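Shown next, in structure tokens, is the structure this report addresses.
These figures come from a predicted structure and were not determined experimentally. A, B, ... follow the sequence lines: proteins, then strands. Residue 1 opens every chain.
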Number of protein chains: 2
Amino acid sequence: MTAPSAASPVRVLLCDDHAVVRAGLLALLGSAPDIEVAGEAGTGEEAVALAAKLTPDVVLMDLQLGAGMDGVEATRQIAPTGVRVLVLTTYDTDADITRAIEAGATGYLLKAERPDELFAAIHAAAEGRTTLSAPVASRVMARMRSPQPTLTDRELDILGQLAHGLGNRDIAKALFISEATVKTHLGRIYDKLGVDTRAGAVAVAKERRLLP
Amino acid sequence: MTAPSAASPVRVLLCDDHAVVRAGLLALLGSAPDIEVAGEAGTGEEAVALAAKLTPDVVLMDLQLGAGMDGVEATRQIAPTGVRVLVLTTYDTDADITRAIEAGATGYLLKAERPDELFAAIHAAAEGRTTLSAPVASRVMARMRSPQPTLTDRELDILGQLAHGLGNRDIAKALFISEATVKTHLGRIYDKLGVDTRAGAVAVAKERRLLP
DNA sequence: AGGGGGGTCGGCCGATCGGTTGATGCGCAG
DNA sequence: CTGCGCATCAACCGATCGGCCGACCCCCCT
């Protein structure tokens, strides 16, 4: 190791909406001598504020934060300030990974990861190095090889209404466009999702977590 | 308190597929003097085996356990042995709550709960008393007042196929029944879910986690 | 100026869906 | 025995969907 273990510890800000998980992480990280928990946040808004106030070395960020700002949005606001964001979440969905990375996350770990990997990843993140959990790395590579088609914002709008079970006419009214336009978008959505029915599109959308 | 705090501590078995959460809970519960972690399990199968071997006072059970046996099934196997099962999970979905309770869970806590509530709930569970997180209790009460319609097994079959985006003809073929029967079931499913389209049914099904 | 991607429309038509009514057989509790 | 719930099937009809054309506009980029 080139990094001295007796040097100043890495200061970490926890962000998770589950109090039990926060408390658990707090206790867990407390057992690592060279890691210090500088603060805790239960919401995205709190995380952004505390990251600015405490300027920790690393923010440990969950993506699902219940109501309000989600982890991706919080990451998008924190990353530009120079504070490293290490995502620690449950899901390894393509959409989550992509959004987190393009929001500026330094690393992406799964909660299923071994604790010592978590410690290592925190130190890596503090130095700006990227760490990805194995399944995440795999998915990233897979995506590189065969790029998934990306839905446009408008297509996601249509998909959102579709997931509420609305018919074409109602979707049209909800989005202030004509029914013909809805059908055009739907056709493209089917193409991109590899599907040919509404129900199938909703299923794939829920599966890939394309919708909130 | 009638319970002496200096008496033998409550022995707890952790079951969660996330190593980080397990380690965190381990550290967290270690800080409670009258709670002792007797073991950890990362899968349902492990939990069942360890519950039989260690006979802890309480099993802290997550419902989502990744692949293999889920938390409900594990609970169903552990509860009859007399070992209390305290569910500690993320979601407060009607379906999850119902299934866990009817599987024999003694309590149902959310990970968003405060740690001291968790400690209290563990002690309560050890004595056979039930603890429910506030949102869970609310949902249980709401369900009591206006009982949600329950889908029959067959209807869940149809719903499962529907969630794959199949058309009526394909659903019929997949389940070895006639298209007419599929439509009859669908009509009842629409009624029960308060919906009138296939896409809507899929959305509600995914929302309430009626499907695996 | 040209080109491309995204969003917006319209029309057409066959296939499918959604709703309804009615009927049969089965198991189970009162 | 007699309901009752559940699963199964049939036939019908209007409404909707899905797929296929082609078209226009706007913005960004080369």
So do A:Leu118 and A:Leu28 actually touch side chain to side chain, heavy atoms under 4.5 Å? yes

Which atom pairs, donor and acceptor, lie under 3.5 Å between side-chain atoms of residues 164-182 of chain A and protein residues at least two apart or in another chain?
{"residue": "A:Asn168", "atom": "OD1", "partner": "A:Arg198", "partner atom": "NH1", "Å": "3.0"}
{"residue": "A:Asn168", "atom": "OD1", "partner": "A:Arg198", "partner atom": "NH2", "Å": "3.2"}
{"residue": "A:Ser178", "atom": "OG", "partner": "A:Ala180", "partner atom": "N", "Å": "3.1"}
{"residue": "A:Ser178", "atom": "OG", "partner": "A:Thr181", "partner atom": "N", "Å": "3.3"}
{"residue": "A:Ser178", "atom": "OG", "partner": "A:Thr181", "partner atom": "OG1", "Å": "3.4"}

For A:Asp157 and C:dG6, what is the distance between atoms CG and C1' respectively, to the nearest whole Å? 13 Å

Measure from the side-chain heavy atoms of B:Ile177 and tell me the nearest of C:dT8, C:dG6, D:dC9. D:dC9

In whole angstroms, the gap separating C1' of D:dA7 from CG of B:Leu151 amounts to 15 Å

Thinking salt bridges, do B:Lys111 and B:Asp62 make one under a 4.0 Å N-O criterion? yes

Any Lys/Arg nitrogen of B:Asp191 or B:Arg188 sitting under 4.0 Å from an Asp/Glu carboxylate oxygen of the other? no

Flag for A:Thr90-A:Gln64: side-chain donor and acceptor within less than 3.5 Å: no

All N/O contacts under 3.5 Å from nucleotides 3-5 of chain C to the protein, with atom names and distances to one decimal?
none

Can you find a heavy atom in the side chain of A:Thr106 that is under 4.5 Å from one in the side chain of A:Val85? no

Applying side-chain contact (heavy atoms from CB on, under 4.5 Å), run through B:Val59 and B:Leu86 and close with a yes or a no. CA-CA 6 Å; B:Val59 178; B:Leu86 177 58; over 6 Å; no

Rounded to whole Å, please give me the gap between CG in B:Asp153 and P in D:dG5. 17 Å

If I take atom CZ in residue B:Arg188 and atom P in nucleotide D:dG5, what distance separates them, rounded to the nearest angstrom? 12 Å

Round to a whole Å and report the spacing from CD of A:Glu155 to P of C:dT8. 10 Å

Mind calculating the distance between CG (B:Asp191) and C1' (D:dG5) to the nearest angstrom? 15 Å

Nucleotides 10-28 of chain C: protein proximity per nucleotide (B base, S sugar-phosphate only, - neither; heavy atom, under 4.0 Å): B-B---SSBB---------

If we only count heavy atoms from C-beta on, is the B:Leu29 to B:Ile122 side-chain gap below 4.5 Å? yes

Rounded interatomic separation in angstrom, taking CD1 from B:Ile158 and P from D:dA7: 8 Å

Rounded to whole angstrom units, what separation is found between the CZ atom of A:Phe176 and the C1' atom of C:dC9? 18 Å

Residue pair B:Lys192 / B:Thr152, side-chain heavy-atom distance below 4.5 Å: yes

